[in-house]
Amino acid sequence: MAKLPGRKHGRALSRLAVAAIAAALVGTSASAAVADAPAPAPVKKLSKAAQAAPKAGATARARAASATPVFGLFGIERSSGFLYQYTLDGQGGLDDRMFVTDGWELLKAASPVDNNGDGDRDGMWAWDNAGNLYFNSPTENRTVGGGWNMYNKVLSPGDIGGAGAYDVLARDPSGVLWAYLGYDNGQVSSRVKIGGGWNAYTQITGKGDLTGDGQADIVARDASGVLWLYKGTGDYKAPFEPRTKIGAGWNMYNALVSTGDVDLDGRADLIARGNDGTLWLYKGTGNASAPFEPRQQIGFGYNIYSWMF
């Protein structure tokens with residue numbers, strides 16, 4: 001497995017370093033498990049509902065039925081900067097963690113993409129601490145540009161513009177949210193203003209369709225703990241409908257992570273990390289009025305990760 005070179009603190013990622021990250025994520029599987037203690041672990045005792053979920057052999061059918069990606073979960077260990085991967089167990093949960101590569105203290109965010117719509121990772125956006133944006137795929141190794149540290153939140157929830165490739169959302173410190181139309185070669189369009197007031201949210205995430213209409217959606221949590229749904233429209237100039245309330249009490253979580261479809265039913269799900277490090281799965285329903293089923297615990301000890309994607 002490729003490792004990230006030049007792991008000196010404070011250095012920006014080189015194109016070679018980003019290529020190494022891409023080699024670790026795009027079109028490859030994880031390396032051997034690392035034996036260390038304590039390590040975050042999935043919960044192996046599954047509910048009847050989880051046991052009834054499609055097995056690993058049904059993955060291809062689930063992907064063919066939906067554009068929702070199947071990415072698994074990645075975590076960056078706070079103490080080491082190591083990147084770990086959790087693949088899906090085919091029953092609505094995660095397998096044991098696998099070491100992927102090192103040097104991820106140089107990055108502040110990353111987002112896999114599925115530009116060809118088959119459900120698998122085929123590229124990745126990455127942002128380093130110096131504010132550089134990169135795109136990598138099996139055929140591209142592109143430095144998109146610098147200056148992205150003008151934003152305090154950057155994510156790629158999917159194809160919000162209807163052009164087929166994953167697009168980029170970025171929030172500036174004043175709370176304005178901007179959209180960049182992405183292309184499968186890693187280029188982005190000029191930014192388009194979505195609107196202001198987005199600094200009301202402490203968490204913004206999304207990866208795929210939550211409402212069953214084929215459009216990429218996002219969820220956002222405000223400072224009072226209320227979670228809101230923004231349905232996608234497919235128009236990158238106005239990519240979201242007015243927000244609708246999902247529920248309250250979501251400030252019990254210190255991280256909300258969208259990785260696509262976790263239980264392989266063709267619907268996007270949501271992962272939430274409790275303040276005690278417990279990991280919970282909210283299975284997607286495909287229903288805009290109630291997009292998530294009641295939570296299921298899928299792991300514990302995940303507070304050792306500085307961020308997850």
Side-chain angles (χ1 to χ4, degrees), residues 12-13 15 17-18 21-22 25-26 69 71 73-76 83 104-115 121 123-137 140-161 163 165-208 216-222 228 230 232 236-237 239-240 254-260 268 270-271 305-309:
L13 285 176
R15 290 175 64 89
V18 178
I21 292 172
L25 285 183
V26 180
F71 287 158
L73 178 69
F74 293 89
I76 294 82
L83 176 69
W104 277 67
E105 73 273 17
L106 296 171
L107 287 172
K108 65 189 305 182
S111 184
V113 304
D114 172 28
N115 284 335
R121 295 186 308 275
M124 184 182 69
W125 300 103
W127 300 266
D128 69 13
N129 291 322
N132 298 302
L133 173 64
Y134 306 93
F135 178 81
N136 291 93
S137 73
E140 296 287 340
N141 176 22
R142 179 185 298 274
T143 301
V144 180
W148 285 77
N149 48 7
M150 68 188 295
Y151 300 117
N152 56 27
K153 179 69 176 180
V154 183
L155 68 154
S156 180
D159 174 20
I160 65 171
Y166 273 47
D167 305 313
V168 177
L169 298 176
R171 182 185 65 186
D172 68 29
S174 69
V176 174
L177 191 67
W178 302 87
Y180 291 82
L181 192 63
Y183 299 90
D184 56 10
N185 64 359
Q187 292 182 327
V188 294
S189 69
S190 299
R191 68 180 187 175
V192 174
K193 183 178 179 179
I194 295 175
W198 287 79
N199 51 4
Y201 298 121
T202 58
Q203 297 275 331
I204 305 172
T205 190
K207 191 70 71 176
D217 310 306
I218 63 173
V219 295
R221 185 191 68 187
D222 65 27
W228 301 89
Y230 284 86
Y236 82 102
K237 294 182 179 179
F240 302 113
N254 58 32
L256 300 178
V257 185
S258 298
T259 66
L270 181 67
I271 292 174
Y305 296 125
S306 56
W307 53 284
M308 299 180 295
F309 65 95

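Not measured: the values here are computed from a predicted model.
With sequence neighbours excluded, the residues forming a side chain to side chain contact (heavy atoms under 4.5 Å, CB included) with P157 are L155, I160, L169, I218, listed by chain and number. When the side chain to side chain donor-acceptor pair (under 3.5 Å) test is applied to N199, no partner is found at least two apart in sequence or on another chain. Applying the ring-ring contact (aromatic ring centres under 6.0 Å, His included) rule to F71 yields no partners; only residues at least two apart in sequence or on another chain are considered.
Between W228 and F240, a ring centre-to-centre spacing not shorter than 6.0 Å is recorded.
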Walk me through it: do I76 and Y305 pass the test side-chain contact (heavy atoms from CB on, under 4.5 Å)? CA-CA 5 Å; I76 294 82; Y305 296 125; 5.6 Å; no
Is there a ring-ring contact (aromatic ring centres under 6.0 Å, His included) between W307 and F74 once you walk through the steps? CA-CA 9 Å; W307 53 284; F74 293 89; over 10 Å; no
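If you take OH on Y183 and OG on S189, they are separated by 5.5 Å, rounding to the nearest 0.5 Å. Atom CG of D172 sits about 7.0 Å away from atom CH2 of W178, to the nearest 0.5 Å. Rounded to the nearest 0.5 angstrom, L181 CG and Q187 CD are separated by 11.0 Å. In this structure, CG on N132 lies 11.5 Å from CG on L106, to the nearest 0.5 angstrom. D128 contributes atom CG, which lies 11.5 Å from atom CH2 of W104 (distance to the nearest 0.5 angstrom). Atom-to-atom distance recorded for K237:NZ and K193:NZ is 16.0 Å, nearest 0.5 angstrom.
In this structure, V188 and W125 have side chains that are in contact, with non-hydrogen atoms separated by less than 4.5 Å. Between Y230 and D217, the closest side-chain pair of non-hydrogen atoms is not below 4.5 Å. In this structure, the side chains of V219 and T205 come closer than 4.5 Å at one or more pairs of heavy atoms. Contact annotation: the side chain of T202 never approaches that of D222 to less than 4.5 Å [non-hydrogen atoms, C-beta and beyond]. Inter-residue side-chain proximity for Y134 and N141 is flagged as unmet; no heavy-atom pair is nearer than 4.5 Å. The side-chain heavy atoms of F309 and L83, taken from C-beta on, include a pair separated by under 4.5 Å. Annotation: side chain of M124 is not in contact with side chain of Y166 (no heavy-atom distance under 4.5 Å). In this structure the side chain of S137 never reaches within 4.5 angstrom of the side chain of R142, judged on heavy atoms.
The two residues M308 and A255 come nearest to each other via the heavy atoms CE-CB, 4.4 Å. Here the shortest heavy-atom pairing between W198 and R171 reads O-NH1, 3.0 Å. The shortest heavy-atom contact between Y236 and V192 is CE1-CG2, 3.5 Å. Listed here is the closest heavy atom pair of G208 and P69: CA-CD, 4.2 Å. Summarising the geometry of L270 relative to V257, their closest heavy-atom pair is CD1-O, 3.6 Å, with the distance given to 0.1 Å. Taking both residues in full, the closest heavy atoms of I194 and P239 are given as CD1-CG, 3.6 Å, listed atom of the first, atom of the second, then distance.
A distance-only check finds a donor-acceptor pair linking the side chain of N129 to the backbone of E105 [under 3.5 Å]. Looking at D167, its side chain does come within 3.5 Å of a backbone N or O of G161 through a donor-acceptor pair. Of the possible polar contacts, none joining the Q203 side chain to the A220 backbone as a donor-acceptor pair under 3.5 Å is found.
Using modelled atom types, one finds no donor on one side chain facing an acceptor on the other under 3.5 Å when comparing K207 with S156.
Under the side chain to side chain contact (heavy atoms under 4.5 Å, CB included) rule, F135 has a single partner from T143, N185, V113, which is V113.
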